[in-house]
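Here is the structure we will look at.
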Amino acid sequence: MAKFLIVEARFYDHLNDQLIAGARAAIEAVGHGHETITVPGALEIPGAVALAAETGRYDGFVAIGVVIRGETYHFEIVAGESARGLMALSMDGLAIGNGILTVENEAQAQVRADPAQKDKGGEAAKAALAMFDLKTRWG
Ligand SMILES: Nc1c(NC[C@H](O)[C@H](O)[C@H](O)CO)[nH]c(=O)[nH]c1=O
Ligand SMILES: CC(=O)[C@@H](O)COP(=O)(O)O
């Protein structure tokens with residue numbers, strides 16, 4: 001049984017709860033285990049993944065968060081840099097799925113967080129599982 005770390009940035013509780021439920025269901029559906037940690041925001045997720053990877057305790061990582069556009073350029077920074085950090089870690093060989101929603105409004109987030117709708121949390125977990133499978137095949 002592999003172990004996956006879900007790293008959540010808890011900015012919107014009700015949305016994160018749904019995203020995490022979808023991610024956990026996807027991981028459990030294939031018989032693997034998971035643990036969840038919480039960081040302040042999406043910008044902290046890549047760093048937390050990097051720190052966790054150094055422990056050697058986890059086979060893969062699922063990033064969970066919600067970034068909703070506000071009034072300033074900060075949306076672009078938070079959305080873009082969290083994605084860039086995760087991509088860099090992925091290209092360093094970590095099995096990562098990115099479930100950080102980057103949306104214009106809460107309505108868009110709700111559709112994507114809901115496991116019964118777009119299930120982006122489950123989708124991110126499945127991406128991490130697929131990358132883990134590749135590492136296992138080629139490791
Ligand atoms: N506005 C959102 C943020 N902003 C916070 C940053 O992610 C970061 O924690 C802060 O800049 C301190 O380094 N984070 C989200 O996850 N979602 C948002 O909508
Ligand atoms: C995505 C964000 O950082 C955003 O929530 C911040 O809002 P604002 O740009 O209005 O400060």
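Both ligands and their constituent atoms are indexed starting at 1 by order of listing.
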So, taking the atom named CD in Glu35 and the one named CZ in Phe61, what distance separates them when rounded to the nearest 0.5 Å? 10.0 Å

How many angstroms lie between CE in Met1 and CG in Asp59, if you round to the nearest 0.5 Å? 9.5 Å

Is the closest basic N to carboxylate O distance between Lys120 and Glu123 below 4.0 Å?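 Looking at Lys120 and Glu123, the cut-off is met.
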
List the residues meeting side-chain contact (heavy atoms from CB on, under 4.5 Å) with Asn105, not counting sequence neighbours, and say none if there are none.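 side-chain contact (heavy atoms from CB on, under 4.5 Å) check on Asn105 returns Ala107, Gln108.
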
Tracing side-chain links under 4.5 Å among I, L, V, M, F, W and Y, which residues wind up in one group with Ile6? Phe4, Phe11, Tyr12, Leu15, Leu19, Ile20, Ile27, Val30, Val62, Ile64, Val66, Ile68, Leu101, Val103, Leu129, Phe132

Return yes if some donor-acceptor pair links the side-chain N/O of [X] with the main-chain N/O of [Y] below 3.5 Å, else return no.
| X | Y | value |
| --- | --- | --- |
| Asn16 | Ala9 | yes |
| Glu54 | Leu51 | no |
| Gln18 | His14 | yes |

Mind listing the N or O contacts between ligand 2 and protein, cut-off under 3.5 Å?
{"residue": "ligand 2", "atom": "3 (O)", "partner": "His74", "partner atom": "ND1", "Å": "2.7"}
{"residue": "ligand 2", "atom": "5 (O)", "partner": "Ile68", "partner atom": "O", "Å": "3.4"}
{"residue": "ligand 2", "atom": "9 (O)", "partner": "Glu71", "partner atom": "N", "Å": "3.2"}
{"residue": "ligand 2", "atom": "9 (O)", "partner": "Thr72", "partner atom": "N", "Å": "2.8"}
{"residue": "ligand 2", "atom": "9 (O)", "partner": "Thr72", "partner atom": "OG1", "Å": "2.6"}
{"residue": "ligand 2", "atom": "10 (O)", "partner": "Glu71", "partner atom": "N", "Å": "2.7"}

Less than 3.5 Å apart, N/O on ligand 1 and N/O on the protein: could you list those pairs with the distances?
{"residue": "ligand 1", "atom": "7 (O)", "partner": "Ala42", "partner atom": "N", "Å": "3.1"}
{"residue": "ligand 1", "atom": "7 (O)", "partner": "Leu43", "partner atom": "N", "Å": "3.2"}
{"residue": "ligand 1", "atom": "9 (O)", "partner": "Glu44", "partner atom": "OE1", "Å": "2.5"}
{"residue": "ligand 1", "atom": "13 (O)", "partner": "Glu44", "partner atom": "OE2", "Å": "2.6"}
{"residue": "ligand 1", "atom": "16 (O)", "partner": "Ala42", "partner atom": "N", "Å": "2.9"}
{"residue": "ligand 1", "atom": "17 (N)", "partner": "Val66", "partner atom": "O", "Å": "2.8"}
{"residue": "ligand 1", "atom": "19 (O)", "partner": "Ile68", "partner atom": "N", "Å": "3.4"}

Closest contact, heavy atoms only, Ala63 versus Leu86: CB-CD1, 3.5 Å

